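The next block holds one structure in the form of structure tokens; read it before the comments.
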Amino acid sequence: MVNYMSVLREDRLHEDCGVFGVFNHPDAAALSVLGLHALQHRGQEAAGIVSFDGTHFNSEKRPGLVGDHFSDARTISRLPGRSAVGHVRYSTIGGSVARNIQPLFADLVGGGCACAHNGHFTNAVTLRNELVHSGAIFQSTCDTETFLHLLARSPIAGIAHRIVDSLRQIEGAFAMVMLTTKKLVGARDPLGIRPLVLGQLEDAYILASETCALDIIGAHFVRDIEPGEIVIISEQGIQSLRPFPPMKPRPCVFEYIYFARPDSIVGGRSVYEHRQAMGRELARESHNTNTDVVIPVPDSGVPAAIGYASEANMPFELGIIRNHYVGRTFIQPTQQIRQQSVKLKHNTNRTAIRGRRVILIDDSIVRGTTSIKIVQMLYEAGAREIHFRVACPPIAHPDYYGIDTPEEEQLLAAQHNLESMKRHIGVDSLSFLSVDGLYRAMGYSGRDPVSPQFTDHCFTGDYPTPLTDQSVNRHTEQLSLLTEIG
């Protein structure tokens, strides 16, 4: 039996996960459940919470959605204590198996440590191989455990200094929350690729991937954790460490395009407002005046479509209705079901489509398979013409920082030019937001080619950190090929 949501989501980008932490609140576990509910969009494969009750660490980790396992009082009662960390997961590395569900826990010299991580270490495999060869025994296949091994082996005294020592060995993107017997620790990579915020609820402090997780528990937003910053929360208050050389921040622009919830504030910016701005820029760059209606692909295409319709002075209609209640249905993966899978998630509103020339707005195109099916649905509903407008530039390069992207040969924009993509999807015209248009929507005059303001490698191929594992893999493949030739 297969969860057919895997069929539906295979043509979307997926975030690695969301993290949440609470320090010094009597309902730490219950708050963590609510926070993870708010972050559910960042990962739907598994959820976990680890609490500390002053004596013991307590763990509950389950596959599936937060509400499937953490909504009854009995589960929360098994997570006593005034501090907790939680995690929702979408696997980009390591696979969706039980032993990879976070937070991961390890007994270290000086006490236990539970760790939850959003992002991806681009040298995780290289570090892991070195650790294994030196005798380390791994229980999972996710890169978070590599950090715990580095932490365990650090010769430096004091948990804060050991965390710094371990993080200095890591490349790539990370927003981490860690719970020890006396501290809640948050850490963010030097470029700030993945987000992390600090909040306060009465005398308790909160760490979370997004501000929407603070809103759901009534916490006050204090500030963003700065790129390269480590915050240590204890009974003595908050200590801030900045152990990395200063770098110009480059947060991931996809947080604004797709991943973050529209009601979140990321880096001081309203996600909703910037998605609308992307739609307005898209209209300025590529509006076809001989059209009748603007229709979004729900839900992620809605804010951009609102912005597009406003700028183009066109009517906005919900021509596609999304079914939000299909996530836990299990069915046989027959060919007929595969063909109908998109209709199980989306259905057309024929009265808004029939006989009309449609501007169809989506946030992105990955493989293009879902786009093809949606376009077919609109034509079947009676659309006269379909003009596809995409509110981000073409995705032509894979991600290595915590986004689950296909390999380059599976990315539509990496294999086709614009005209070829238009024919492949089957639309009358196709346009993407330009890279400079994306930056204008974010409040800049354009992309700074010397020192870009965001991490935008999926569009530009400009990776902001070393890709050690990729380089090692390519070197190994070249050696293997030379050996075969020899």
Side-chain angles (χ1 to χ4, degrees), residues 4-5 7-13 257-258 275-276 278-280 282-283 285-326 335-395 412-413 416 418-433:
Y4 82 92
M5 280 300 290
V7 177
L8 296 181
R9 69 186 182 184
E10 67 180 3
D11 193 33
R12 307 298 293 177
L13 298 178
I257 295 169
Y258 179 71
R275 287 180 186 168
Q276 282 194 330
M278 291 171 199
R280 290 194 293 272
L282 184 62
E285 290 185 350
S286 60
H287 179 52
N288 184 340
T289 56
N290 297 317
T291 48
D292 302 313
V293 64
V294 175
I295 289 175
V297 176
D299 291 322
S300 56
V302 171
I306 292 172
Y308 190 105
S310 174
E311 181 66 25
N313 195 27
M314 288 184 64
F316 169 93
E317 298 280 1
L318 293 178
I320 303 170
I321 307 301
R322 182 182 175 190
N323 179 5
H324 291 84
Y325 304 100
V326 297
Q335 181 61 29
Q336 182 179 3
I337 290 299
R338 290 192 186 98
Q339 293 173 349
Q340 298 299 317
S341 61
V342 170
K343 290 185 179 180
L344 291 169
K345 188 176 182 181
H346 296 109
N347 192 34
T348 52
N349 178 11
R350 292 175 179 270
T351 57
I353 297 168
R354 187 182 297 115
R356 306 178 86 176
R357 297 165 296 182
V358 172
I359 295 284
L360 179 66
I361 307 289
D362 204 355
D363 61 272
S364 59
I365 294 178
V366 185
R367 290 181 175 91
T369 53
T370 298
S371 300
I372 291 170
K373 294 174 183 177
I374 287 175
V375 166
Q376 290 173 344
M377 286 171 54
L378 293 181
Y379 278 126
E380 290 171 2
R384 285 175 54 196
E385 298 175 7
I386 300 175
H387 301 273
F388 208 152
R389 300 292 180 262
V390 185
C392 78
I395 300 171
L412 187 67
H416 299 268
L418 187 65
E419 180 63 26
S420 178
M421 282 191 281
K422 185 195 83 169
R423 293 195 303 268
H424 182 78
I425 296 171
V427 289
D428 294 279
S429 69
L430 173 66
S431 293
F432 292 81
L433 182 64

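Everything numeric here is computed off the predicted structure, so don't read it as measured data. Each residue takes its place number in the sequence, starting with 1.
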Consider side chain to side chain contact (heavy atoms under 4.5 Å, CB included). Of I320, D362, N323, which one does P298 pass it with? I320
Could you give the distance from NE2 (H424) to NE2 (H416), rounded to the nearest 0.5 Å? 5.5 Å
R384 side chain reached by R356 side chain, heavy atoms, under 4.5 Å: no
Going by the rule ring-ring contact (aromatic ring centres under 6.0 Å, His included), which residues pair with Y308 if we only count those two or more places apart in sequence or in a different chain? H287
Hey, could you give me the OH/CD distance between Y379 and E385, rounded to the nearest 0.5 Å? 7.5 Å
Kindly say whether R357 contributes a backbone atom to a donor-acceptor pair with the side chain of D292 at under 3.5 angstrom? yes
Where the side chain of R275 meets the backbone of Y258, is there a donor-acceptor pair that is under 3.5 Å apart? yes
Straight-line distance of L378 CG to H346 NE2, nearest 0.5 Å: 10.5 Å
ring-ring contact (aromatic ring centres under 6.0 Å, His included) partners of H387, counting only residues at least two apart: none
Compare every heavy atom of A383 with every heavy atom of V358, then report the nearest pair and how far apart it is. CG2-CB, 4.2 Å
N/O donor-acceptor pair under 3.5 Å between S310 side chain and G307 backbone: no
I365 side chain reached by I425 side chain, heavy atoms, under 4.5 Å: yes
Note, V297 side chain near D363 side chain (heavy atom, < 4.5 Å): no
Apply the side chain to side chain contact (heavy atoms under 4.5 Å, CB included) test between I295 and each candidate in L360, T348, L318; give the one that qualifies. L360
Identified side chain to side chain contact (heavy atoms under 4.5 Å, CB included) partner of R389 from the options V294, I361, L433: I361
Could you state the interatomic distance from CZ (R280) to CD1 (I306), rounded to the nearest 0.5 Å? 10.5 Å
Sequence neighbours left out, what passes side chain to side chain donor-acceptor pair (under 3.5 Å) with E317? Give chain and number order. none
Between N349 and T351, does any side-chain donor sit less than 3.5 Å from a side-chain acceptor? yes
Reported CG-to-CG distance for the pair L430 and D428, which is rounded to 0.5 angstrom: 11.0 Å
Calculate, to the nearest 0.5 Å, the distance between atoms CG and CZ belonging to L282 and F432 respectively. 10.0 Å
Could you go step by step and tell me if S431 and V390 meet the side chain to side chain contact (heavy atoms under 4.5 Å, CB included) rule? CA-CA 6 Å; S431 293; V390 185; over 6 Å; no
Any idea which heavy atoms bring A352 and G319 closest together, and the distance? CB-CA, 4.1 Å
Identify the two heavy atoms, one from P303 and one from S300, that lie closest to each other, and give their separation to 0.1 Å. CD-O, 3.7 Å
Heavy atoms, side chains only, cut-off 4.5 Å: are S429 and F388 in contact? no
